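Please read all numbers here as calculations on a predicted model, not as lab measurements.
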Amino acid sequence: MDAYSSPRPAVSGPSALHDVAELLRPTRGAGSSTVVVAPADWSLPSELPDVDVVVWGRAALAAGTGAREAAGRAASRERVLAGLRRRPPRGRIVRAVHRMDPPALRVGLRADARSVLLRGLLVELVRPAAPRRVLDAVLEAARVGTPPGKLRLGAGGTLLLAVDDARGPGVLRAAPAGAPGDPEPVAAALQAVAHDDRVPSLHSAGQTAGASWTLESRLRGTRPRGLSPGLVEQVAEFCATLPQPDGAASAEGDLDLLARQLPEHATALSALSDDLAPHLVQLPAVGRHGDLWSGNLLVDDVRLSGVLDWDAWSPAGVPGTDLLHLLATEQRLRRRTALGEVLLGRPWEERAARAALGAYWRRLDLPVPPASGLAAVGLAWWAAQLAGDLRRTPALAADARWQELNVQRVLDAHADGRLSPS
């Protein structure tokens, strides 16, 4: 796995692919099914399992994949798919083909072309009397009458589908109930921030046939091509309107999760938690989007018109972390570097961050924290992002390269005083 390719690691990894495939399986009692992951060359198995439904395919390639390799893999994918359409396996039909694009890290023709090369694929190979799918039951429960459009793979294996119903354009999210991509937190977030028309409206939510789902409105606007000072100022204003619960800010919950998932670092994480507490307790807790980067913004001309994808929402986060994430993620994408490496550069000290955070504190009617307080906010941001990555992709805990870049180097810098709020 590429350690720096995306602000949301491994959203299209094998486990996420299996979670989406679960929604294409028959409903309970309607038939048997299995998932077959295609090898790197996209070759078909010589014989398919003896079940009613086979979901065959492979996740999108990592964003850091070289152009030559990506082009070769894409050519193999299309050649095998063309043959599969012409001559499906005996006793099977191709019910549907779902092209799964990688996370859109940039916009523009070049980014679109690269997305075509990297994309994954899921093919439903079924017996002629195709059984009813879990997805069909979800669409019926959500009262979405139009045929499904193109499936997209979201964070943690969430299936995303643009739909239309009586209320207009919408977005359906679905995942196996209890899976990392379960959209239940999205429903809670949209209810908490329903006061702002820049946030999608929650139309409905529920659990059907073992799947959890939400249906939300689809907002107008396009993804910004960059972060202008004016757009950053609007995002700062938006962040200042998020709900503020009673109580002080804390990073304890995120650091505790890191210690449980990364027990070899528990002692160092405990020391960091002790170091942050006296600085963060001086700040109020605030609602936190949790993944506020340009890919989750919409603009209408120069006006911020939408803030999307609330699956990383926390009702009690550390103030300033959303804005810091917005700016630091642009650095990550521009420099193609890991989260930990960006943190070591102390991004809160850069001019754009100082201006945005200053405007944010003024809107909250709070004084700008001293240098030690801003360092504590930066470390709280780091802890929140790593905790979110591990919630969505627990396998990262066993990735030595990911740990080295994002955990070990940061904790070493804290231990030797290079990155300490004290």
Asker: To the nearest 0.5 Å, what is the distance between CG (Leu117) and CG (Asp112)?
Answerer: 11.5 Å
Asker: Report the C-alpha distance between Val36 and Val55 in whole Å, list the side-chain angles of each, state the deciding distance to 0.1 Å, and finish with yes or no for side chain to side chain contact (heavy atoms under 4.5 Å, CB included).
Answerer: CA-CA 6 Å; Val36 176; Val55 181; over 6 Å; no
Asker: May I have the step-by-step check of side-chain hydrogen bond (donor to acceptor under 3.5 Å, both in side chains) for Ser294 and Glu330, ending in yes or no?
Answerer: CA-CA 8 Å; Ser294 60; Glu330 288 299 299; 2.8 Å; yes
Asker: Starting at CG of Leu48, measure out to CZ of Arg90 and round the result to the nearest 0.5 Å.
Answerer: 12.5 Å
Asker: Where do His289 and Trp310 land on the ring pair (Phe, Tyr, Trp, His ring centres under 6.0 Å) test, with the steps shown first?
Answerer: CA-CA 6 Å; His289 178 279; Trp310 289 80; 4.5 Å; yes
Asker: Can any side-chain N or O of Ser305 pair as donor or acceptor with the backbone N or O of Arg220 at less than 3.5 Å?
Answerer: yes
Asker: May I ask you to decide if Ala38's main-chain N or O and Arg58's side chain share a donor-acceptor pair within less than 3.5 Å?
Answerer: yes
Asker: Working note: Val134 + Leu24, criterion side chain to side chain contact (heavy atoms under 4.5 Å, CB included); need CA distance, chi angles, decisive distance, verdict.
Answerer: CA-CA 6 Å; Val134 172; Leu24 304 176; over 6 Å; no
Asker: Begin from the C-alpha positions of Trp382 and Leu344 and carry the test side chain to side chain contact (heavy atoms under 4.5 Å, CB included) through to its verdict.
Answerer: CA-CA 10 Å; Trp382 165 82; Leu344 292 174; over 6 Å; no
Asker: Can you find a heavy atom in the side chain of Glu124 that is under 4.5 Å from one in the side chain of His98?
Answerer: yes
Asker: Take atom CZ in Arg73; do more than 12 heavy atoms of anything else shown fall under 6.0 Å from it?
Answerer: yes
Asker: Side chain of Arg218, backbone of Gly170: donor and acceptor closer than 3.5 Å?
Answerer: yes
Asker: Going by heavy atoms in the side chains, are Leu327 and Pro347 under 4.5 Å from each other?
Answerer: no
Asker: Is the backbone N or O of Ser33 less than 3.5 Å from a side-chain atom of Arg25, with the two atoms forming a donor-acceptor pair by type?
Answerer: yes
Asker: Ignoring hydrogens and angles, tell me if any N or O in the side chain of Arg173 forms a donor-acceptor pair with the backbone of Pro183 under 3.5 Å.
Answerer: no
Asker: Are Asp311 and Asp291 side-chain neighbours, meaning at least one heavy-atom pair lies under 4.5 Å?
Answerer: no
Asker: Between Arg132 and Asp52, is there a side-chain N and carboxylate O pair less than 4.0 Å apart?
Answerer: no
Asker: In terms of side-chain geometry, is the basic nitrogen of Arg409 or Glu404 positioned less than 4.0 Å from the acidic oxygen of its partner?
Answerer: yes
Asker: Do Asp254 and Trp381 have side chains that get closer than 4.5 Å, going by heavy atoms?
Answerer: no
Asker: With a 4.0 Å cut-off on N to O distance, would you call Asp416 and Arg418 a salt bridge?
Answerer: yes
Asker: Would you check, one step at a time, whether the test side chain to side chain contact (heavy atoms under 4.5 Å, CB included) holds for Val97 with Leu122?
Answerer: CA-CA 6 Å; Val97 174; Leu122 281 180; over 6 Å; no
Asker: Hey, can you tell me if Trp56 and Trp42 have their rings parallel, tilted or perpendicular (30° and 60° cut-offs)?
Answerer: perpendicular
Asker: Going from CG on Leu159 to CG on Asp19, what distance comes out if it is rounded to the nearest 0.5 angstrom?
Answerer: 10.5 Å
Asker: Does some side-chain heavy atom of Ser43 sit less than 4.5 Å from a side-chain heavy atom of Val80?
Answerer: no
Asker: Can you name the one residue among Arg362, Arg363, Arg198 that meets salt bridge (Lys or Arg N to Asp or Glu O under 4.0 Å) with Glu237?
Answerer: Arg198
Asker: Quick one: list whatever passes ring pair (Phe, Tyr, Trp, His ring centres under 6.0 Å) with His279, sequence neighbours left out.
Answerer: none
Asker: Report yes if some heavy atom in the side chain of Pro200 is under 4.5 Å from a heavy atom in the side chain of Leu202; otherwise report no.
Answerer: no
Asker: Closer than 3.5 angstrom, by distance alone: can the side chain of Ser273 be matched with the main-chain N or O of Leu269 as a donor-acceptor pair?
Answerer: no
Asker: Does Gln234 reach the main-chain N or O of Leu304 with its side chain, forming a donor-acceptor pair under 3.5 Å?
Answerer: yes
Asker: Report the residue from Leu190, Val193, Val186 that forms a side-chain contact (heavy atoms from CB on, under 4.5 Å) with Trp313.
Answerer: Val193
Asker: Could you check if a side-chain atom of Thr222 sits within less than 4.5 angstrom of a side-chain atom of Val299, using non-hydrogen atoms only?
Answerer: yes
Asker: When you check the gap from the basic side-chain N to the acidic O, do Arg99 and Glu78 get nearer than 4.0 Å?
Answerer: yes
Asker: Rounded to the nearest 0.5 Å, what's the gap from CG on Leu219 to CG on Leu308? Could you check?
Answerer: 6.0 Å
Asker: Of Val410, Asn406, Leu343, which is the lone residue that meets side-chain contact (heavy atoms from CB on, under 4.5 Å) with Leu386?
Answerer: Asn406
Asker: Please check if atom CD in Glu252 has more than 12 non-hydrogen atoms from other residues, nucleotides or ligands closer than 6.0 Å.
Answerer: no
Asker: Return each pair, listed once, that meets side chain to side chain donor-acceptor pair (under 3.5 Å) where at least one residue sits in residues 177-192; pairs must be two or more places apart or across chains.
Answerer: Asp182-Ser212
Asker: Check whether any side-chain N or O of Thr321 sits under 3.5 Å from a backbone N or O of Val318 as a donor-acceptor pair, and report yes or no.
Answerer: yes
Asker: Consider only side-chain N and O atoms of Asp412 and Gln408, and report whether a donor and an acceptor are under 3.5 Å apart.
Answerer: yes
Asker: Does Gln244 CD have over 12 foreign heavy atoms under 6.0 Å away?
Answerer: yes
Asker: Hey, is the main chain of Gly290 close enough, under 3.5 Å, to the side chain of Asp322 for a donor-acceptor pair?
Answerer: yes
Asker: If you define the side chain from C-beta out and look only at heavy atoms, does anything of Ser228 sit under 4.5 Å from Leu231?
Answerer: yes
Asker: Any side-chain to backbone donor/acceptor pair from Thr393 onto Leu396? Under 3.5 Å, distance only.
Answerer: no
Asker: Side chains of Ser201 and Glu216 only: does a donor on one sit below 3.5 Å from an acceptor on the other?
Answerer: no
